[in-house]
Amino acid sequence: MAAMLDIRQIREDPDRIKDAAVKKKIPCDVDRLCEVDDRRRQIQQELDSLRARSNEAGPQMALYTNPKSQWYQRALADGKTPDDIKQLAEETRRTLAQVKSRIKTLEDESRRVAEEFGRLMLTVPQPPGPNAPVGEDEAENVVLRTEGDIRTFDFEPKDHVELGRMLRIIDIERGVKLAGTRNYILRGDGARLHYAVLRLAQDMMIERAYTPMVVPVLVREEVMCGTGYFPIGRDQAYLCERDAMSLVGTAEVPLTAYRSDEVLAEDELPLKTVALSTCFRREAGAAGKDTYGLYRIHLFDKVEQVIVCRNDEEESIRFHQEILAHAEAVMQAIELPYRVVNVCTGDLGQGQVQKFDIETWMPSRNSYGETHSASRFHEFQARRLNLRYRDTNRKVRFCHTLNNTVIASPRVLIPILELNQNADGSVTVPQVLRKYMGGRERIEPPRA
RNA sequence: GGAGGAGUGGCCGAGUGGUUUAAGGCGACGGUCUUGAAAACCGUUGUGCGGGAAACCGCACCGGGGGUUCGAAUCCCUCCUCCUCCGCCA
């Protein structure tokens with residue numbers, strides 16, 4: 001049973017969570033969580049019984065104060081005077097006031113305890129799946145396969161920054177002038193190439209019967225939290241604090257949260273959606289890393305695919321392969337050499353059960369660089385989002401969620417430009433993209 | 001941005017402080033009757049938490065959160081959402 005965000009299951013096997021926290025290098029105080037939960041239950045039980053008392057005695061007040069009630073009439077017939085009854089009412093009122101005051105004290109504590117409980121629960125990591133390799137960091141990711149041939153040049157190849165400058169299609173200096181470091185401007189055929197890859201990716205997904213969506217990129221706190229980007233990772237998001245909203249780092253967030261707080265019919269599943277969105281990332285903590293060119297930037301566009309499916313391990317594994325295959329199909333269509341890696345536990349996010357990255361060959365880095373990331377989550381996101389469905393036995397269950405990049409640009413322009421460059425400084429447009437560029441075959445340097 | 005109105009179960013909708021259980025209807029499901037169906041009649045009807053081996057029991061939930069009160073769907077504050085009118089706008 002995979003649902004490890006259920007407090008009952010955490011209590012049953014706290015060591016599994018502790019183990020997950022170690023493997024994922026995510027701080028999570030499981031012992032404290034269990035302690036707080038003990039107190040939470042204790043309070044709940046006492047509150048329940050106090051409220052039961054109050055519910056029992058309270059309505060009696062209605063009878064004491066209503067001379068027309070049957071009870072009141074019978075009491076008179078039994079020889080009680082209205083003053084006797086008033087006295088009874090007064091005693092009951094005093095007793096209930098005491099009960100109420102105890103309830104209030106407990107409620108105050110309950111609020112504090114619930115707050116800490118909720119805070120701790122949000123730090124609980126999803127245990128990695130058995131097929132995720134155990135490892136410290138990305139160096140221990142396992143290469144599953146390598147596709148496509150790496151081009152060797154018979155001239156001195158330029159990197160994308162230089163190509164972009166010469167072709168006047170990438171203007172990093174002015175991007176930085178406008179918006180600071182890690183910003184850029186795409187111009188002319190650079191912008192067109194960017195549009196082209198995004199349109200190709202969207203078309204390929206629509207062909208595969210994914211529902212195209214246009215979604216908010218500025219979202220509420222609960223949406224960020226529900227998809228697992230908050231509170232851990234909060235520093236990676238741009239906040240619009242005045243409005244208590246955050247800019248998303250991926251369309252995964254609104255697509256996955258789309259049906260949150262709903263109970264879906266099983267025959268609606270799987271939900272397969274795709275969206276193009278702008279992605280905003282602060283890249284906090286990455287200072288000095290990948291500072292060159294279009295690799296690590298604050299803003300980019302991405303086509304993202306999301307699946308919401310039944311609570312079924314095999315099904316989510318199958319869909320994981322499916323969304324991976326879609327991304328590979330796009331890379332093959334553009335004829336880019338890439339490899340697929342099985343991401344190790346130390347490199348998994350808090351909610352991820354397993355993750356495959358696609359890394360594409362980038363000559364200027366003289367290595368493969370991550371261009372896609374396919375994750376499956378079991379119930380992790382669905383629980384946080386309260387995203388459920390009614391199964392054939394009419395039982396309400398949490399969905400499983402998965403997502404993968406289809407394409408992200410301009411990062412993918414790095415290999416496209418660098419691998420398709422010619423000795424004269426022009427760039428050959430990959431065949432499949434030409435129809436999105438008005439049939440253009442080459443991007444040529446402007447004549448002096 | 002300004003002014004006003006509204007949010008009740010799967011859906012419609014009654015309910016302005018108390019003889020406890022949110023009336024009634026629709027829908028859905030089960031049953032009786034029927035060759036079968038319809039109609040009619042009878043019954044059932046949500047979620048979460050806790051306790052229990054279970055039957056079951058307790059608690060909470062009338063958009064969310066807080067407050068007043070012995071007692072709140074009902075009164076007050078606040079947030080969210082929707083509607084109407086005005087203004088502005090691609």
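This is a predicted model, so every value here is computed, not measured. Chain letters run A, B, ... following the sequence lines, proteins first and then strands; every chain starts at 1.
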Note, RNA chain B 5' to 3' with Watson-Crick or G-U pairs under 3.5 Å encoded as ( ), [ ], | and . gives ((((((((.[[[..)..(.....]]]((((((.......))))))((((((....)))))).[[[[[..)....]]]]])))))))....
Options B/rG18, B/rG67, B/rC70, nucleotide nearest the side-chain atoms of A/Leu96: B/rC70
Distance between P atoms of B/rC76 and B/rU68 (Å, rounded): 15 Å
Minimum-distance nucleotide (side-chain atoms of A/Ala97 versus B/rC70, B/rA60, B/rU81): B/rC70
Using the ring of A/Phe117 (Phe, Tyr or Trp, six-membered ring only), decide whether A/Arg40 places NZ or CZ under 6.0 Å from its centre and within 45 degrees of its axis. yes
With A/Arg411 as the cation and A/Tyr295 as the aromatic partner, state whether NZ or CZ is under 6.0 Å from the six-membered ring centre and within 45° of the axis. yes
Heavy-atom pair of closest approach, residues A/Phe377 and A/Val353: C-CG2, 3.7 Å
May I have the distance from A/Arg390 (atom CZ) to B/rU47 (atom C1'), rounded to whole angstrom? 10 Å
Checking contacts here: which listed nucleotide (B/rU19, B/rC59, B/rC70) is nearest the side-chain heavy atoms of A/Leu63? B/rU19
Under-4.0 Å side-chain N/O to phosphate OP1/OP2 contact, A/Asn386 with B/rG48: no
How far does the P atom of B/rA55 sit from the matching atom of B/rU45, given to the nearest Å? 16 Å
Can you figure out which of B/rC49, B/rC70, B/rG67 approaches the side chain of A/Lys100 most closely? B/rC70
For B/rC77 and B/rG5, measure between their P atoms and round to the nearest Å. 12 Å
Contact under 4.0 Å: A/Arg8 side-chain N or O vs B/rG48 OP1/OP2: no
Tell me: CG of A/Leu50 to P of B/rC59, nearest whole Å? 12 Å
Quick one: is the NZ or CZ of A/Arg234 closer than 6.0 Å to the six-membered ring centre of A/Phe230, and within 45° of its axis? yes
Could you tell me if the ring centre of A/Tyr210 sits under 6.0 Å from that of A/His326? yes
Output yes when at least one side-chain N/O atom of A/Lys104 is less than 4.0 Å from OP1 or OP2 of B/rU68, else no. yes
P gap between B/rG9 and B/rG4, integer Å: 27 Å
Using only heavy-atom distances, decide whether a donor-acceptor pair under 3.5 angstrom links the side-chain of A/Asp48 to the base of B/rG50. no
